[in-house]
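Worksheet for the structure shown next.
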Amino acid sequence: MRLGLCCLFAEQDIRFRTTTASALSRLGPLERVARIRELAGSNAAALSEAISWCAAHDIGCFRAGSQILPLKTHPTLGYDTELLGEEILRSFRRCGDLARSTGTRISFHPDQFVVLSSPDPLVVKSSLAEIEYQAEVGAWIGADVINVHGGGGYGDKREALRRLAAAVGELSFAARSMLTIENDDRTYTPSDLLPLCHDLGLPLVYDVHHHRCHGDGLSVEGATQLAVESWNRKPLFHISSPRGGWQSRNPRLHDDHVDPCDFPAVWFDMDLTVEVEAKAKELAVGRLRRELELRRGTGAAASSSRCGNDSLGHGAGPA
């Protein structure tokens, strides 16, 4: 099992840069190109640093940010990757070589405006463009996951998922081969998505926190097994803990760190990648790894008893 870091660092001086549409639109054409190249080159260097740091600190996965090429698919300011120039493209490809040589998995998780189930054709069109862009960069840097949510239910989840399936059919083979779908904390449970995963050959990124917030009758053990079966490569899951605990007013909010009791015992010793979605970033990953090693040392059964796990694998959370 390897733990993954999501996008940013809390303390390490590794920063990814972006810009705004308003700032870029104030520049002339030549200045705009220079600015985009500057930011993209800086982000390629930052990604290389991030992969190296993760590999040196026993973090086996890094989630690249959607704006690694800032405003790449903006409706008026977007650009083709050829604009970057060959040297910047080589820099990104070297990141892929580094990821492969260090065994660091790379993933993407598109921003929330990417909604393949939307009834608005323009939203779907822009969502497809964003996924295709991330697939193109993903090929350079060795990513194998572009993870999306199901989106809204729009009053008819079955029809929304039908639209999602139709949109997936419009993706290139390269993009579709990286695409995964994740259960969320309000609309789509694992049970909602697993039939779609089966029909489309899409892996399910199982988010256990979301499942605890929005259950469906499946246990963590059951959902884990079904999610694993949906993958044609090493499964990737998500872990987080609620800010303020499971009895807080809004347990959907992510905490700075992950309570090791929230880590499902069934995941121990499985061949998984588990992305840690916590505000303290690399500090949270490091702390969780140390705490899991201690928990593993007590034995899974003893640690589960100590944590007071219910059928969903956590202490005081909703069943």
Side-chain angles (χ1 to χ4, degrees), residues 1-9 11-18 33-73 79-110 129-148 171-180 203 205 231-237 271-276 281-282 285-286 289:
M1 182 184 65
R2 53 183 165 183
L3 299 181
L5 172 64
C6 298
C7 302
L8 302 173
F9 290 80
E11 288 191 348
Q12 299 306 308
D13 189 21
I14 301 174
R15 298 288 181 266
F16 293 89
R17 300 168 62 194
T18 188
V33 170
R35 180 63 170 161
I36 290 168
R37 287 176 175 170
E38 176 195 2
L39 294 172
S42 176
N43 287 345
L47 180 60
S48 179
E49 289 184 74
I51 294 168
S52 295
W53 193 93
C54 287
H57 292 82
D58 198 25
I59 295 176
C61 177
F62 183 73
R63 181 192 295 174
S66 295
Q67 289 299 309
I68 198 162
L69 296 185
L71 302 178
K72 170 65 176 67
T73 62
Y79 47 91
D80 293 331
T81 51
E82 287 77 8
L83 175 143
L84 302 175
E86 190 55 38
E87 181 53 40
I88 290 175
L89 297 183
R90 281 197 294 267
S91 295
F92 279 110
R93 293 188 181 109
R94 285 193 290 269
C95 290
D97 293 338
L98 179 61
R100 283 183 285 271
S101 68
T102 59
T104 305
R105 192 175 193 177
I106 307 296
S107 70
F108 278 107
H109 195 357
E130 184 74 6
I131 292 170
E132 293 288 357
Y133 137 62
Q134 293 186 24
E136 183 179 14
V137 177
W140 305 340
I141 65 177
D144 73 330
V145 168
I146 300 174
N147 182 47
V148 299
L171 289 169
S172 67
F173 175 80
R176 184 167 174 165
S177 68
M178 297 183 196
L179 192 68
T180 64
V205 171
W231 284 83
N232 60 0
R233 50 200 186 276
K234 179 177 290 191
L236 185 148
F237 290 174
D271 191 14
L272 298 174
T273 298
V274 181
E275 291 186 332
V276 178
K281 299 299 179 182
E282 79 275 17
V285 180
R289 184 178 62 248

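Below, all heavy atoms of this structure are taken into account, side chains as well, without hydrogens, waters or symmetry copies. Keep in mind it's a predicted model, so treat the numbers as computed, not measured.
- When atom types are taken as modelled, the side chain of Glu282 and the backbone of Gly286 share no donor-acceptor pair closer than 3.5 angstrom.
- When every heavy atom of Asp271 is checked against every heavy atom of Pro235, the shortest pair comes out as O-CD, 3.6 Å.
- When each of Leu236, Thr273, Asn147 is tested with Ser107 by the rule side-chain contact (heavy atoms from CB on, under 4.5 Å), just one qualifies, namely Leu236.
- Residues Arg2 and Gly103 approach most closely at NH1-O, 2.6 Å, considering heavy atoms.
- Using a 4.5 Å cut-off on side-chain heavy atoms (C-beta onward), Ile59 and Arg289 make contact.
- For the pair Lys281/Val276, no side-chain contact is recorded, criterion being any heavy-atom separation below 4.5 Å from C-beta on.
- The closest donor-acceptor contact from the side chain of Ser177 to the backbone of Ala174 lies under 3.5 Å.
- Using a 4.5 Å cut-off on side-chain heavy atoms (C-beta onward), Leu84 and Tyr79 make contact.
- Rounding to the nearest 0.5 angstrom, the gap separating the CG atom in Leu39 from the CD1 atom in Ile68 is 12.0 Å.
- In terms of modelled atom types and a separation under 3.5 Å, the side chain of Asn43 and the main chain of Arg17 share a donor-acceptor contact.
- Although no hydrogens or angles enter the test, the distance criterion places no donor-acceptor pair under 3.5 Å between the side chain of Ser52 and the main chain of Glu49.
- For the atom pair CG of Asp97 and CD1 of Ile141, the computed distance is 12.0 Å after rounding to the nearest 0.5 Å.
- Applying the salt bridge (charged side-chain N to carboxylate O under 4.0 Å, His left out) criterion to Arg35, with sequence neighbours excluded, gives Glu38.
- Residue Ala40 comes nearest to Leu69 through the heavy atom pair CB-CD2, 3.8 Å, listed as atom of the first residue, atom of the second, then distance.
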Please test Trp53 against Phe9 for ring pair (Phe, Tyr, Trp, His ring centres under 6.0 Å), starting from the C-alpha separation and ending with a verdict. CA-CA 10 Å; Trp53 193 93; Phe9 290 80; 5.6 Å; yes
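- Applying the salt bridge (Lys or Arg N to Asp or Glu O under 4.0 Å) test to pairs two or more places apart or on separate chains, those with a residue in residues 62-71 are Arg63-Glu275, Arg63-Glu277.
- Remark: side-chain polar atoms of Arg233 are paired, donor with acceptor, to backbone N or O of Asp144 under 3.5 angstrom.
- Summarising the geometry, atom CZ belonging to Phe62 is positioned 8.5 Å from atom SG belonging to Cys6; distances are rounded to the nearest 0.5 Å.
- The two residues Ser101 and Leu98 have their closest heavy-atom pair at OG-O, 3.0 Å.
- Atom CZ of Arg90 sits about 10.5 Å away from atom CD1 of Ile88, to the nearest 0.5 Å.
- Residues Phe108 and Ile131 fail the side-chain proximity criterion, which asks for heavy atoms closer than 4.5 Å.
- Among residues at least two apart or in separate chains, ring pair (Phe, Tyr, Trp, His ring centres under 6.0 Å) pairs with a member in residues 81-107 are Phe92-Trp140.
- Atom SG of Cys54 is separated from atom CD1 of Ile106 by 7.5 Å, given to the nearest 0.5 angstrom.
- Across Ala46 and Ile14, no two heavy atoms sit closer than the pair O-CG2, 3.6 Å.
- Panel note: side chain Arg105, backbone Lys234; a donor-acceptor pair is recorded below 3.5 Å.
- Atoms SG and CG, from Cys61 and Leu3 in turn, are 9.5 Å apart once rounded to the nearest 0.5 Å.
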For Glu86 and Arg93, what are the C-alpha separation, side-chain angles and deciding distance, and is it a salt bridge (Lys or Arg N to Asp or Glu O under 4.0 Å)? CA-CA 10 Å; Glu86 190 55 38; Arg93 293 188 181 109; 3.2 Å; yes
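- Taking 4.0 Å as the cut-off between side-chain N and carboxylate O, Arg94 and Glu87 count as a salt-bridged pair.
- Of all the heavy atoms in Leu8 and Leu5, the pair that sits closest is O-CD1, 3.6 Å.
- The backbone N or O of Leu83 sits less than 3.5 Å from a side-chain atom of Arg37, completing a donor-acceptor pair.
- At a cut-off of 3.5 Å, with distance as the only test, no side-chain donor of Glu130 or Ser66 sits close to an acceptor on the other residue.
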